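The structure appears below as structure tokens.
Each chain gets a letter, A, B and so on, in the order the sequences are listed, and its residues count up from 1. Just so it is clear, the model here is predicted, and its values are computed rather than measured.
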Number of protein chains: 2
Amino acid sequence: MQTTYSGKEIPQLAGEKCSVIYALEVIGGKWKLPIIWKLSKKESLRYNELKRELEGITNVMLTRSLQSLEEHRLVIRKELQHIPPHVEYALTDHGRALIPALEVIKDWGQAEMERVQSLTDDR
Amino acid sequence: MQTTYSGKEIPQLAGEKCSVIYALEVIGGKWKLPIIWKLSKKESLRYNELKRELEGITNVMLTRSLQSLEEHRLVIRKELQHIPPHVEYALTDHGRALIPALEVIKDWGQAEMERVQSLTDDR
DNA sequence: CCGCATCCCCCAGGATACTG
DNA sequence: CAGTATCCTGGGGGATGCGG
């Protein structure tokens with residue numbers, strides 16, 4: 001969607017202000033949904049825990065994505081005053097409201113994966 | 001999602017083959033979900049009807065997106081033998097399975113839109 | 001009416017290096 | 001540990017024009 005929503009311009013749909021499209025603007029991009037997905041599994045995660053779970057993500061992208069999600073109130077950042085620094089990220093209620101949708105998409109993706117798998121098995 | 005999923009590489013999540021991510025590969029990009037959304041409202045739509053509903057989409061992107069969705073069996077293409085040509089697109093059962101997720105995302109996006117709206121009203 | 005062929009631009013996302 | 005600062009590249013997506 002990726003779902004991503006892959007950024008760029010928001011498509012305009014005739015006859016309605018489409019909130020599906022609006023949502024895509026907020027949760028679009030390569031890493032936003034994976035981050036939400038990971039955060040949905042735990043109460044909270046530290047910066048480097050997230051980085052370890054999301055294989056291949058760079059500091060830049062993780063920071064940017066988290067900042068964007070924080071701006072839109074999907075994620076809350078808790079900075080504990082410690083040396084060395086200790087920062088925790090967690091989903092807000094608003095962010096958790098997306099989990100049911102992710103569950104549906106996950107189940108759907110699973111079925112899709114298995115279908116494709118069985119196709120390649122045939123060859 | 002763009003959610004999108006905006007294509008490119010699929011993020012790898014540690015410890016699990018994440019089907020959320022897999023799904024994003026299929027429904028990612030700028031126009032896929034808008035197309036599914038529009039098709040979910042009617043039994044079927046013709047090429048130019050879709051083009052009219054999706055303001056700003058070009059022939060290239062509409063064609064590419066529909067082909068991709070057809071490959072993944074989300075959409076079925078019915079070509080009626082007429083002069084002039086008449087082609088209809090409709091969701092398959094597999095495609096319709098995504099509608100519940102879109103509904104959740106839509107409601108979530110609506111709330112988000114209204115929240116942002118009320119914020120800008122204050123200024 | 002319904003597309004495909006081409007060409008091209010822009011920016012999301014990556015690589016690398018450095019700090020409080 | 002948790003980020004910033006820079007620079008760069010690939011391909012997603014747009015514009016235009018042609019053809020069955």
Side-chain angles (χ1 to χ4, degrees), chain A residues 1-12 21 24-35 39 44-71 75-90, chain B residues 1-12 21 24-35 39 44-71 75-90:
Chain A
M1 230 160 12
Q2 243 120 348
T3 7
T4 229
Y5 193 56
S6 297
K8 308 235 172 178
E9 283 300 301
I10 313 167
Q12 295 299 321
I21 307 308
L24 291 178
E25 187 192 21
V26 176
I27 59 176
K30 182 168 171 180
W31 297 102
K32 305 258 188 72
L33 281 180
I35 288 171
L39 286 177
S44 70
L45 285 170
R46 300 179 60 169
Y47 182 89
N48 275 337
E49 285 176 328
L50 269 172
K51 192 178 174 189
R52 229 171 294 125
E53 300 261 18
L54 304 161
E55 289 179 13
I57 196 170
T58 60
N59 284 331
V60 179
M61 288 315 297
L62 180 52
T63 301
R64 273 190 208 162
S65 304
L66 284 170
Q67 283 171 349
S68 169
L69 291 172
E70 203 191 350
E71 276 176 32
V75 159
I76 192 167
R77 199 185 101 110
K78 288 179 259 183
E79 185 169 356
L80 282 49
Q81 294 303 344
H82 282 169
I83 310 266
H86 183 123
V87 181
E88 300 232 327
Y89 293 92
Chain B
M1 19 191 111
Q2 198 245 278
T3 127
T4 149
Y5 193 55
S6 303
K8 307 231 173 181
E9 282 301 300
I10 313 168
Q12 295 298 321
I21 306 310
L24 291 177
E25 187 193 20
V26 176
I27 58 176
K30 182 168 170 180
W31 297 101
K32 304 257 188 72
L33 281 180
I35 288 171
L39 286 176
S44 70
L45 285 171
R46 301 181 58 171
Y47 182 90
N48 274 337
E49 284 176 328
L50 269 171
K51 193 178 175 189
R52 228 171 295 126
E53 301 260 17
L54 304 161
E55 288 179 14
I57 196 171
T58 60
N59 284 330
V60 179
M61 289 314 298
L62 181 51
T63 301
R64 274 191 207 162
S65 304
L66 285 170
Q67 283 172 348
S68 169
L69 291 172
E70 203 191 349
E71 276 175 32
V75 159
I76 192 168
R77 199 184 102 109
K78 288 179 260 183
E79 186 170 356
L80 282 47
Q81 293 303 344
H82 281 170
I83 309 270
H86 183 124
V87 182
E88 299 232 326
Y89 294 91

N/O (side chain, B/Thr63) to phosphate O (OP1/OP2, C/dC4) under 4.0 Å
yes
Side chain of A/Pro84 - closest among C/dC2, D/dC1, C/dC4
D/dC1
In whole Å, what is the span from the CG atom of A/Leu24 to the P atom of C/dA12?
15 Å
Less than 4.0 angstrom between a side-chain N/O of A/Arg77 and OP1 or OP2 of D/dG3, yes or no?
yes
Rounded to the Å, how far apart are B/His82 NE2 and C/dC1 C1'?
13 Å
Tell me which nucleotide among D/dG3, D/dG17, C/dG14 gets nearest to the side chain of A/Lys30.
C/dG14
Tell me the closest heavy-atom pair linking B/Lys51 and B/Ile57, and the distance in Å.
CE-O, 3.9 Å
Of the options A/Ile35, A/Leu66, A/Leu45, which is the one that meets A/Tyr89 in a side chain to side chain contact (heavy atoms under 4.5 Å, CB included)?
A/Leu66
Interatomic distance where OH belongs to A/Tyr47 and P belongs to C/dT19 [whole Å]
17 Å
Judged by nearest nucleotide, the residue sitting upstream toward the 5' end of DNA chain D, A/His86 or B/Asn59, is A/His86
Of the listed nucleotides (C/dG20, C/dG13, D/dG13), which one gets closest to any side-chain atom of A/Arg64?
C/dG13
Mind calculating the distance between CD (A/Gln81) and P (C/dG20) to the nearest angstrom?
17 Å
Can you see if the side chain of B/Asn48 gets near the phosphate of C/dC2 - specifically, an N or O under 4.0 Å from OP1 or OP2?
yes
Is there a donor-acceptor pair closer than 3.5 Å between any side-chain N or O of B/Lys32 and the backbone N or O of B/Gly28?
yes
Separation of atom CG in B/Leu80 from atom P in C/dC1, rounded to whole Å
15 Å
With rounding to the nearest 0.5 angstrom, report the CG to OG1 distance, A/Leu50 to A/Thr63.
10.5 Å
C/dC4, OP1 or OP2 - any side-chain N/O from B/Gln67 closer than 4.0 Å?
yes
So which heavy atom on A/Glu55 is nearest to which on A/Trp31, and how close?
O-CH2, 3.6 Å
Length of the CE-P vector between A/Met61 and D/dA2, whole Å:
19 Å
Does a side-chain N or O of A/Tyr89 approach OP1 or OP2 of D/dG3 to a distance below 4.0 Å, or not?
yes
When you get a sec, tell me which of D/dG3, C/dT16, C/dC2 is the closest nucleotide to the side chain of A/Val60?
C/dT16
Phosphate-side-chain proximity, B/Lys51 and C/dG3, N/O vs OP1/OP2 below 4.0 Å:
no
Give the rounded distance in Å between these two atoms: CD of A/Glu55 and P of C/dG13.
19 Å
Is the phosphate of C/dC1 approached by B/Arg46 (side-chain N or O, under 4.0 Å from OP1 or OP2)?
no
Interatomic distance where CG belongs to A/Leu62 and P belongs to C/dA15 [whole Å]
14 Å
